[in-house]
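These notes are about the structure you will find just below.
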Amino acid sequence: MSQVEVLKEVQSFTEEPKKMLINNEWVAASSGETFPVYNPATGAILAQVASGNEQDINMAVSAARKAFTGNDWHSMTPSNRGKLIWRLGDLIEQNLDELAQLESLDNGKPFSVARVADVPLAADLFRYMAGWATKIEGSTIPISTPNTAKSKHFAYTLREPVGVVGQIIPWNFPLLMAAWKLGPALATGCTIVLKPAEQTPLTALRLGELIVEAGFPAGVVNIVTGYGEAAGAPLAAHPDVDKIAFTGSTEVGKKIIDAAKGNLKKVTLELGGKSPNIIFGDANIKYATSAAANAIFFNHGQCCCAGSRLYIEKDIFEQVAEGVAARAKKIRLGAGMNQDTQMGPLVSDEQLNRVCSYLKSGLSEGAEALAGGKRHGEQGYFVEPTVLVKTKADMKVVQEEIFGPVVVAMPFDDMEEITSVANDTIYGLAAGIWTQDVSKAHRLAARIKAGTVWVNCYNVFDAAMPFGGYKQSGWGREMGEEALKLYTEVKSVCVQI
Ligand code: NAI
Ligand code: MG
């Protein structure tokens, strides 16, 4: 398909108010209401989308329950389940350009990035999980009850799907986060109600069309669009939902835990971060400097694992901080659909205001901007890529997640100091270490309290590698075998033979 054809397809996709997917049917919100979705590069309305509420959630949950207990899904062989999930990966790949355009218009990220990262990673995640559908196994357990002529026990475990799952996702990687959540739930045989972020529901809805096209039975995947309070909260609180999986702010993560208490549903959370990226004097400085810029500026800093605290060993501090600032100044900002854009706008005016207020707070407390420091332009939600120096450990810009293209660069003296400051945060999602000394890298990796430690690399993701947080960065893991475990219950069966 040519660019023009794809653009036409995207336009026609967003023309009519978008409906929600319940029981494989596209339905308007029960209230009849819609909400606007904006193009963050211009602030113009991109589409109207069904505004779901508790009533819609109830319908979706009951469709998911029916699908979970019904024959179509329950009796499907693991092999056929795997084939369906694989087919979904194929369909994503076949619609690569369209999905990348939708993502770019809706979220603001460059089309070129969505095309090489978000969309192929989503396809890959489904294929990885498709392979697991046939490999979810229990074990036989040699228990120590008496073994006599009359009595002996045979014990084994079954791994069963946890049931109906609610999944609430954010706007920073809209399609990819849907894939991270749906993939393991489908592989294990759960059924799902997915609530995309109100800022960016469009690729999840297009994914819904592909899910129907792939041939998933009705009710296996339901997608309810709407605001967090109106649609997310009743999903988290629903008494017939067996598990809730959430990605977003730590603040809302805590609300999810409260909401889940009623029926003690299982909870997994992937929350905020303030990840340290640590460069030692013996690193490959040129490479580490450019990677440090990518670690914060990728996706405009809207990554839960962004390398937002850059710690640089004292003797190379100026060289590296200035190197990152020089790169920041060169980044070309623009609409995601412009071919030469390297960084798009933030996702919403809310995020623009949030990030600008952090900038003001840091600068007013004495931090200095080596690059950037303010909003870019008047139209759209653009922020200048920013490098702050001369910060103090207790400043908000050092302690709190900014979720924008803002890095604080700080010098450190030695291994002892860096271990303690790296861990001086309520978060524990990721960390980066740059050194050519292998022993130093392994020793520090072991001491950092974070779910992922990248050594001489950053932001490397793979469907097979678990991702998630220590401390207030969350509960549980996504991707890899670890994610699957969290979508299953283990049943011990003990038989007297
Ligand atoms: P948020 O946590 O409010 O939104 C994430 C998802 O939760 C959305 O789908 C939203 O509709 C839903 N939600 C909101 N309130 C809810 C509630 N009471 N019950 C159930 N669901 C609810 O995040 P927001 O406001 O978009 O961004 C605020 C900050 O959160 C960002 O500045 C960033 O620091 C952090 N964040 C972290 C993300 C991550 O990947 N860990 C992703 C997005 C935001
Ligand atoms: Mg919020």
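Counting convention: from 1, in listed order, for ligands and their atoms alike.
- No hydrogens or angles considered: a donor-acceptor pair under 3.5 Å links the side chains of Thr247 and Lys181.
- Judged by distance alone, the side chain of Lys243 and the main-chain N or O of Thr268 form no donor-acceptor pair under 3.5 Å.
- Contact detail for Leu352 and Phe382: the closest heavy-atom pair is CD1-O, 3.7 Å.
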All N/O donor-acceptor pairs, side-chain side in residues 370-377, below 3.5 Å, sequence neighbours left out:
unit_1: Lys374; atom_1: NZ; unit_2: Glu384; atom_2: OE2; d: 2.9
unit_1: Arg375; atom_1: NE; unit_2: Gly377; atom_2: O; d: 3.4
unit_1: Arg375; atom_1: NH2; unit_2: Glu378; atom_2: O; d: 2.8
unit_1: Arg375; atom_1: NH2; unit_2: Gly380; atom_2: O; d: 2.8

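- A salt bridge is absent between Asp242 and Lys265; no separation between the charged side-chain nitrogens and carboxylate oxygens falls under 4.0 Å.
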Between ligand 1 and the protein, which N/O pairs are shorter than 3.5 Å?
unit_1: ligand 1; atom_1: 2 (O); unit_2: Ser249; atom_2: N; d: 2.8
unit_1: ligand 1; atom_1: 2 (O); unit_2: Ser249; atom_2: OG; d: 2.7
unit_1: ligand 1; atom_1: 9 (O); unit_2: Ile169; atom_2: O; d: 2.8
unit_1: ligand 1; atom_1: 9 (O); unit_2: Lys195; atom_2: NZ; d: 3.1
unit_1: ligand 1; atom_1: 11 (O); unit_2: Lys195; atom_2: NZ; d: 2.7
unit_1: ligand 1; atom_1: 11 (O); unit_2: Glu198; atom_2: OE1; d: 2.6
unit_1: ligand 1; atom_1: 11 (O); unit_2: Gly228; atom_2: N; d: 3.3
unit_1: ligand 1; atom_1: 18 (N); unit_2: Glu229; atom_2: OE2; d: 3.4
unit_1: ligand 1; atom_1: 19 (N); unit_2: Ala233; atom_2: N; d: 3.4
unit_1: ligand 1; atom_1: 26 (O); unit_2: Trp171; atom_2: NE1; d: 2.6
unit_1: ligand 1; atom_1: 32 (O); unit_2: Gln351; atom_2: NE2; d: 3.0
unit_1: ligand 1; atom_1: 32 (O); unit_2: Arg354; atom_2: NE; d: 3.4
unit_1: ligand 1; atom_1: 34 (O); unit_2: Glu401; atom_2: OE1; d: 2.7
unit_1: ligand 1; atom_1: 40 (O); unit_2: Asn172; atom_2: ND2; d: 3.4
unit_1: ligand 1; atom_1: 41 (N); unit_2: Gly248; atom_2: O; d: 3.3
unit_1: ligand 1; atom_1: 41 (N); unit_2: Leu271; atom_2: O; d: 3.0

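- A salt bridge does not link Glu401 to Arg354: none of the charged nitrogens lies less than 4.0 Å from a carboxylate oxygen.
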